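So the structure is just underneath, and the comments pick up after that.
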Amino acid sequence: MATKIVPVILCGGAGARLWPASRESRPKQFIALVGERSSFQEAVLRVQDPELFAKPLIVANADHRFLVAEQLEALGVAADVLLEPARRDSGPAIAAAAHLVHSRDPHAVLLTLAADHLVERPDLFRAACETALPAAMAGRIVVFGVEPSSPATGYGYIRPETDEGPGGLNPVAEFVEKPDAETAARYVADGYMWNSGNFLFSASAMLEDYAEFEPDSAAAVEEAVRGIEGDLGFLLLAREPFLAVVPKSIDYSVMERSARVSVVPVDCGWSDIGTWGAIWDASQKDARGNVTRGTVELVGSENCIAISDRPVLALAGMKDLVVVVDDDAVMVANRGDADGVKSIVGHLRDRKYAQASAHARGYRPWGFYQSLDSGGRFQVKRIVVKPGGTLSLQKHYHRAEHWVVVRGTAEVTIGDERKIISENESTYIPQGAMHRLRNPGKIDLEVIEVQTGSYLGEDDIERFEDIYGR
């Protein structure tokens, strides 16, 4: 096949309806909620046919760049990664990707995929791409329509003009937003399809329509792409012009207004897995309809989701509940109450709970840290550093630190001294001392850190050198 499709995987979104597993610090697309891999990783694997697809382009928030890199590395897949300095919804993200790809190949065809969707039959998804490719090359913008399995109120709908086109490919007569239950039932009866949010188009066609319908934002996006800078192997959009872009989804900015949109039907087992109810639908269940993960025991319970990675979670006589136990939060909700979960996250934000947005485990380019215990003037953390990982050369003004190596080998710098610390050995970093931790070994380095002092916040840090450019 002469023309290869450039996959563009969009990694925006915070997944508030899947709290506390999904939070802004590590949103749902980077978590294994169904199966052993994250939905982002599954999306990457979906477009690995070298006869059909070129190297993928990932569009992600700058705060998640090392999550993207880590998960790509785990798959052994190479990709370009374009970073947004701030969230501006899918319209500007897709326009930026189209500009970048168009600058490399004016005739390029792009496939945009959301990183947080589930596709159970990827072979049928790829077949739909092949069906839609000639139309995209001819200037059409093709949306992938999903035959509804029920009159769902959580999806947008598409009305095709006819049902007689080749491979089911037809112009779109109407886009409609998420309906109420009665309207959704009528849409299903009248042959409407769900809007899956996957699109295939030529870069030039998308850029022409975006410039027509959103001229100010189009100019700002183009300037942001012209100002791209390399950053440790990532591509970072210019900050100031991108901040001037009006946040708007591609549905509102282009798809509902364009005269060149067609729809191709696809029966690929698609779900946006945006709620705990959708996770329950997509997951394997026990004989009583329960979905469990981790250290969970159920007695006399039916149709529940129960997740706990560490504490033992036991349910007795429960029905249709979601119970999720995380390191620093517990959530209990009715399985079908997606809006209730989102509302509780908003309530927690209003009350200034850090748990609304951040996990107890903080991910960094060198590995992660996790808070284990804390009090008035102390905090205990577990630090895991990947082989070759290096923390910044830094100092703290309000705390001292004790490090105990429990696994691996640590290279520790304190002031002008550099030393090797092995398992069951420890060292002390005085308040105000310049220090650094590095893993020179071939296995993960695990350190227990005990902080003591008058202020233990993460912002009590001054960096002097950092190989990750923070």
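Please read all numbers here as calculations on a predicted model, not as lab measurements.
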Check the side chains of Ser249 and Asp251 for a donor-acceptor pair under 3.5 angstrom, ignoring hydrogens and angles.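 No, no side-chain donor-acceptor contact under 3.5 Å.
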Check [Y] with [X], please: is the shortest side-chain N to carboxylate O separation under 4.0 Å?
X: Arg159; Y: Asp190; answer: no
X: Asp116; Y: Lys28; answer: yes
X: Arg335; Y: Asp281; answer: no
X: Arg126; Y: Glu130; answer: no
X: Lys55; Y: Asp80; answer: yes
X: Arg260; Y: Glu208; answer: yes
X: Asp326; Y: Arg23; answer: yes

Within 45° of the ring axis of Trp19 and under 6.0 Å from its six-membered ring centre, is that where the NZ or CZ of Lys342 lies?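 Cation-pi check for Lys342 and Trp19: fails.
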Stacked cation flag Arg26 on Tyr363, 6.0 angstrom / 45 deg: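 Yes, Arg26 lies over the aromatic ring of Tyr363.
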I want to know whether Phe144 and Phe125 have ring centres closer than 6.0 Å.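 Under 6.0 Å, so yes.
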So Thr390 and Arg438, side chain to side chain donor-acceptor pair (under 3.5 Å) or not? Walk me through it. CA-CA 4 Å; Thr390 304; Arg438 187 174 84 87; 4.7 Å; no
So Arg257 and Glu214, salt bridge (charged side-chain N to carboxylate O under 4.0 Å, His left out) or not? Walk me through it. CA-CA 11 Å; Arg257 302 154 82 180; Glu214 302 288 339; 2.8 Å; yes
Mark yes when over 12 heavy atoms from residues, nucleotides or ligands other than Glu229 sit less than 6.0 Å from its CD; otherwise mark no.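 Open: at most 12 neighbouring heavy atoms sit under 6.0 Å from CD of Glu229.
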Heavy-atom neighbours of Glu174 CD exceed 12 at 6.0 Å: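 Buried by this count: over 12 neighbours within 6.0 Å.
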Checking His117 now: which residues fulfil ring-ring contact (aromatic ring centres under 6.0 Å, His included) with it, not counting sequence neighbours?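 Partners of His117 by the ring-ring contact (aromatic ring centres under 6.0 Å, His included) criterion, ordered by chain and then number, come out as Trp270.
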Side chain of [X], backbone of [Y]: donor and acceptor closer than 3.5 Å?
X: Asn290; Y: Ser301; result: yes
X: Trp280; Y: Gly289; result: yes
X: Asn439; Y: Gly388; result: no

Please name all residues satisfying side-chain hydrogen bond (donor to acceptor under 3.5 Å, both in side chains) with Ser103, sequence neighbours left out, ordered by chain then number.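 Per chain and number, Ser103 pairs via side-chain hydrogen bond (donor to acceptor under 3.5 Å, both in side chains) with no residue.
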